[in-house]
Amino acid sequence: MATNTSAQTGDKPIQLYSLATPNGQKIGIALEELGLEYDAHLIDISKDIQYEDWFKKLNPNSKIPVLVDRQPPGEDKQPLTIFESGAILIYLADKTGQFLAPMGTRQRYETLEWLMWQMGGVGPMFGQANHFHRAAKEQIDYAKNRYLDEAKRLLKVLDTQLNKTGSYVSGNDYTIADMAIFPWVQFFTKNYKEKLDDNAYSNIDRWLKVIGDRPQVKKGLKVCSKDG
Ligand SMILES: N[C@@H](CCC(=O)N[C@@H](CS)C(=O)NCC(=O)O)C(=O)O
């Protein structure tokens with residue numbers, strides 16, 4: 001099978017290598033919200049493109065998303081390559097001064113706390129729940145229950161937090177933490193609706209609607225989608 005040896009590139013300042021999975025969608029949403037110019041390159045992980053040498057040079061961990069910025073801030077004008085969706089969100093927020101409060105403010109660390117909660121909890125647990133319920137070659141009840149229970153617990157934590165703030169995840173402002181959590185929670189509550197208690201997450205329902213109605217979010221969710 002012929003494989004690419006170098007990264008596809010376009011002429012925009014930012015090059016995004018991604019796929020419209022929840023981890024990829026976070027970055028599509030952020031780029032649309034920030035109004036930045038970018039070229040989007042679809043990486044089909046079902047075809048193992050992430051294991052090709054050119055991609056491993058961008059991310060040695062062989063996972064989407066990856067972002068290359070040819071116009072990074074600061075003295076060093078060399079292109080900046082960055083992987084891990086949480087790191088990319090912090091980078092874009094710092095580059096533009098939007099959706100993350102400035103250094104030293106309490107608000108910044110509250111947002112980062114919830115961003116890390118998504119990266120260390122929601123992503124891995126929802127991902128494993130989905131794997132054992134939908135993709136695993138064997139049916140392993142222990143694993144199915146363990147990850148589904150943990151996903152439900154995390155949803156309850158989020159619902160309680162949204163009840164407390166009455167608006168967005170880390171307070172009154174819409175931030176990169178909302179952008180990171182939204183695609184995973186939307187995916188999970190849609191696909192596992194029959195396994196979740198009815199009306200258990202009314203604060204999440206409100207928040208999903210507010211964010212899901214944003215035109216930038218609607219557009220961002222489709223970036224690098226296989227459906228075009
Ligand atoms: N912690 C990483 C997770 C990225 C990740 O798991 N990406 C998946 C798609 S959602 C992937 O590229 N999987 C390909 C593979 O595992 O081979 C991030 O948030 O960027």
Side-chain angles (χ1 to χ4, degrees), residues 7-45 49-50 54-55 57-59 61-74 76-102 107-108 111-112 114-119 122-123 127 168-170 173-187 207-228:
Q8 283 180 32
T9 56
D11 53 15
K12 305 271 169 46
I14 289 178
Q15 303 295 303
L16 173 68
Y17 300 89
S18 192
L19 181 67
T21 63
N23 286 321
Q25 285 170 322
K26 299 171 197 176
I27 310 305
I29 291 172
L31 289 168
E32 289 300 321
E33 291 284 8
L34 291 164
L36 292 168
E37 283 194 283
Y38 63 97
D39 290 306
H41 307 281
L42 191 154
I43 304 300
D44 190 344
I45 59 175
I49 308 297
Q50 70 277 27
W54 71 269
F55 189 87
K57 282 187 197 140
L58 300 178
N59 182 358
N61 195 35
S62 293
K63 298 211 185 275
I64 63 91
V66 179
L67 183 140
V68 179
D69 188 354
R70 294 179 177 137
Q71 294 176 2
D76 176 3
K77 294 291 172 212
Q78 291 305 308
L80 183 143
T81 301
I82 183 160
F83 61 86
E84 282 295 322
S85 57
I88 299 172
L89 288 173
I90 296 170
Y91 172 71
L92 291 174
D94 282 344
K95 174 184 164 94
T96 58
Q98 292 184 70
F99 302 117
L100 177 62
Q107 185 57 54
R108 181 182 180 92
T111 298
L112 292 178
W114 285 97
L115 176 63
M116 298 304 154
W117 176 82
Q118 186 285 309
M119 294 295 294
V122 169
Y168 297 104
V169 174
S170 60
D173 297 325
Y174 172 55
T175 68
I176 53 171
D178 297 283
M179 295 177 204
I181 299 167
F182 174 83
W184 272 110
V185 172
Q186 188 197 53
F187 167 83
W207 172 83
L208 283 175
K209 170 103 182 74
V210 169
I211 296 181
D213 280 349
R214 294 176 71 89
Q216 300 88 334
V217 171
K218 287 188 205 290
K219 203 167 166 204
L221 287 169
K222 294 191 191 130
V223 171
C224 292
S225 164
K226 284 191 192 176
D227 304 329

Can you confirm whether Asp178 sits close enough to Phe99 that some side-chain heavy atom of one is under 4.5 Å from a side-chain heavy atom of the other?
no
Partners passing salt bridge (charged side-chain N to carboxylate O under 4.0 Å, His left out) against Arg214 (at least two apart in sequence or in another chain):
Glu33
Salt bridge (charged side-chain N to carboxylate O under 4.0 Å, His left out) pairs touching residues 83-98, sequence neighbours excluded, are Asp69-Lys95, Asp94-Arg108
Are Phe187 and Thr21 close enough that some pair of their side-chain heavy atoms sits under 4.5 Å apart?
no
First locate atom CG of Leu19, then atom CD1 of Ile64, and finally report the distance between them rounded to the nearest 0.5 Å.
5.5 Å
Verify the neighbour count for atom NZ of Lys77: are there more than 12 heavy atoms of other residues, nucleotides or ligands below 6.0 Å?
yes
Measure the shortest side-chain to side-chain distance between Leu92 and Ile14 over non-hydrogen atoms and say whether it is less than 4.5 angstrom.
yes
Of all the heavy-atom pairs spanning Ile29 and Pro183, show the shortest one and how long it is.
CD1-CG, 4.0 Å
Which residue pairs satisfy the salt bridge (charged side-chain N to carboxylate O under 4.0 Å, His left out) criterion with at least one member in residues 12-22, sequence neighbours excluded?
Lys12-Asp39
Looking only at heavy atoms, which two atoms of Ala20 and Val223 are closest? And how far apart?
CB-O, 3.5 Å
Determine which pairs satisfy ring-ring contact (aromatic ring centres under 6.0 Å, His included) with at least one residue from residues 12-32, sequence neighbours left out, and list them in order.
Tyr17-His41, Tyr17-Trp54
Side chain to side chain contact (heavy atoms under 4.5 Å, CB included), that's the test. Do Leu16 and Ile88 meet it? Break it down for me.
CA-CA 10 Å; Leu16 173 68; Ile88 299 172; 5.7 Å; no
Exercise: identify the closest heavy-atom pair between Val68 and Pro79:
CG1-CB, 4.2 Å
Assess the residue pair Gln25 and Gln186 against the criterion (side chain to side chain contact (heavy atoms under 4.5 Å, CB included)); give the C-alpha distance rounded to whole Å, side-chain angles, the decisive distance to 0.1 Å, and a yes or no.
CA-CA 11 Å; Gln25 285 170 322; Gln186 188 197 53; 5.5 Å; no
Which pair of heavy atoms, one from Tyr91 and one from Pro73, lies closest together, and at what distance?
OH-CD, 3.3 Å
Are any non-hydrogen side-chain atoms of Ile181 and Trp207 less than 4.5 angstrom apart?
yes
Side chain Gln107, main chain Ser170, donor-acceptor under 3.5 Å
yes
Determine whether a donor-acceptor pair (N or O, by modelled atom type, separation under 3.5 Å) exists between the side chain of Thr111 and the backbone of Ala177.
no
Looking at residues at least two apart in the chain, or sitting in another chain, which of them share a salt bridge (charged side-chain N to carboxylate O under 4.0 Å, His left out) with Lys219?
Glu32
Go through Leu58 and Gln15 one step at a time and tell me if the side chain to side chain contact (heavy atoms under 4.5 Å, CB included) criterion holds.
CA-CA 11 Å; Leu58 300 178; Gln15 303 295 303; over 6 Å; no
Could you tell me whether the side chain of Leu100 reaches within less than 4.5 Å of the side chain of Leu115, counting heavy atoms only?
no
Would Ile27 and Tyr38 count as a side chain to side chain contact (heavy atoms under 4.5 Å, CB included) if you check the C-alpha gap in whole Å, the side-chain angles of each, and the deciding distance to 0.1 Å?
CA-CA 11 Å; Ile27 310 305; Tyr38 63 97; over 6 Å; no
Any side-chain heavy-atom pair of Lys63 and Asn23 under 4.5 Å
no
Drop me the distance from Gln98's CD to Thr175's OG1, to the nearest 0.5 angstrom.
12.5 Å
Qualifying residues under salt bridge (charged side-chain N to carboxylate O under 4.0 Å, His left out), relative to Lys226, sequence neighbours excluded
Asp44
Close side-chain approach of Gln216 and Met179, heavy atoms under 4.5 Å:
no
With the side chain counted from C-beta on, respond yes when Val210 and Tyr174 share a heavy-atom pair under 4.5 Å apart, and no when they do not.
no
Heavy atoms of Leu42 and Cys224 approach each other most closely as CD1-O, 3.5 Å
